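For reference, the structure discussed in these notes is given below.
Please read all numbers here as calculations on a predicted model, not as lab measurements.
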Amino acid sequence: QVLLGLVTGYVQKNKLVLKDFPQPYVASSNGYITKTVQLTVEGDFIKLLKLIYFLETNYNVGKVVAVDFKIAKELRTRKRKLNTTIYIQNVKAETNEETI
């Protein structure tokens with residue numbers, strides 16, 4: 001929820017388009033829980049780079065682990081749009097608490 005609010009505010013202020021924000025993917029192995037969030041944003045290259053930098057410096061709950069840039073061509077307008085998919089991960093140790 002914190003990430004969604006942070007990204008939404010930044011996107012609105014900088015005239016970007018938030019294309020996709022699915023539920024986080026959670027995996028558990030070797031005593032660690034890994035939560036991965038994937039978000040897709042459309043816009044200008046420089047503004048997208050500034051968004052990535054903003055997330056790296058201001059979002060303390062997770063870490064930007066990967067970024068993927070793709071150009072998509074719209075068929076009806078024949079314009080090219082730049083999309084970036086940002087992957088943010090949070091890894092923490094599982095706590096096995098037993099109730100007595």
Side-chain angles (χ1 to χ4, degrees):
Q1 291 294 41
V2 174
L3 177 62
L4 181 59
L6 203 64
V7 170
T8 304
Y10 190 90
V11 162
Q12 289 173 347
K13 193 168 29 172
N14 292 288
K15 297 179 182 172
L16 297 169
V17 179
L18 181 62
K19 300 289 268 186
D20 193 22
F21 196 99
Q23 288 284 28
Y25 171 75
V26 180
S28 177
S29 78
N30 297 333
Y32 292 98
I33 298 174
T34 305
K35 188 182 284 188
T36 305
V37 177
Q38 171 186 338
L39 57 112
T40 304
V41 183
E42 178 182 286
D44 181 33
F45 182 69
I46 300 298
K47 290 181 181 178
L48 292 173
L49 284 179
K50 287 182 179 179
L51 169 65
I52 294 164
Y53 177 74
F54 174 76
L55 290 173
E56 286 178 338
T57 56
N58 296 325
Y59 185 63
N60 299 327
V61 179
K63 183 176 180 182
V64 176
V65 292
V67 178
D68 182 27
F69 288 96
K70 288 188 180 168
I71 293 180
K73 191 172 185 181
E74 283 189 2
L75 294 176
R76 65 184 162 87
T77 61
R78 294 190 176 189
K79 288 187 177 181
R80 296 188 310 169
K81 306 263 182 169
L82 180 64
N83 291 324
T84 184
T85 304
I86 304 169
Y87 298 90
I88 300 174
Q89 262 186 359
N90 178 3
V91 179
K92 61 182 174 183
E94 279 184 33
T95 55
N96 295 329
E97 297 177 2
E98 296 180 13
T99 55
I100 299 174

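Nearest heavy-atom pair, Ile71 versus Arg80, reported as atom, atom and distance to 0.1 Å: CG2-CB, 3.8 Å. In terms of heavy-atom proximity, Leu49 sits nearest to Phe69 at CD2-CZ, 4.1 Å. The minimum heavy-atom distance between Ser28 and Ile33, with the atom names listed, is OG-CG1, 4.3 Å. Listed here is the closest heavy atom pair of Leu48 and Glu42: CD2-C, 4.3 Å. The two residues Lys35 and Pro24 come nearest to each other via the heavy atoms CG-CB, 3.8 Å. Across all non-hydrogen atoms, the minimal contact from Val41 to Val11 is CG1-CG2, 4.3 Å.
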Criterion side-chain contact (heavy atoms from CB on, under 4.5 Å) on Thr84 and Leu51, from CA distance to verdict: CA-CA 10 Å; Thr84 184; Leu51 169 65; 5.5 Å; no

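Atom CD of Glu74 has more than 12 neighbouring heavy atoms from other residues, nucleotides or ligands inside a 6.0 Å radius. With a 6.0 Å radius and a threshold of 12 heavy atoms from other residues, nucleotides or ligands, Asn58 has its CG atom above the threshold. More than 12 heavy atoms of other residues, nucleotides or ligands sit less than 6.0 Å from atom CZ of Phe54. Annotation for Tyr32: atom OH does not count as buried by contact number, only 12 or fewer foreign heavy atoms lying within 6.0 Å.
Ile88 has its side chain within reach of Leu39: a pair of non-hydrogen atoms, C-beta onward, lies under 4.5 Å apart. Side-chain contact between Thr85 and Asp20 is absent, with no heavy atoms from C-beta onward closer than 4.5 Å. Taking 4.5 Å as the limit, some side-chain heavy atom of Thr34 sits within range of a side-chain heavy atom of Gln89.
Hydrophobic clustering (ILVMFWY, side-chain heavy atoms < 4.5 Å, transitive): Val37 and Ile52 are in one cluster.
Considering CG of Leu82 and NZ of Lys47, their distance stands at 12.5 Å, rounded to 0.5 Å.
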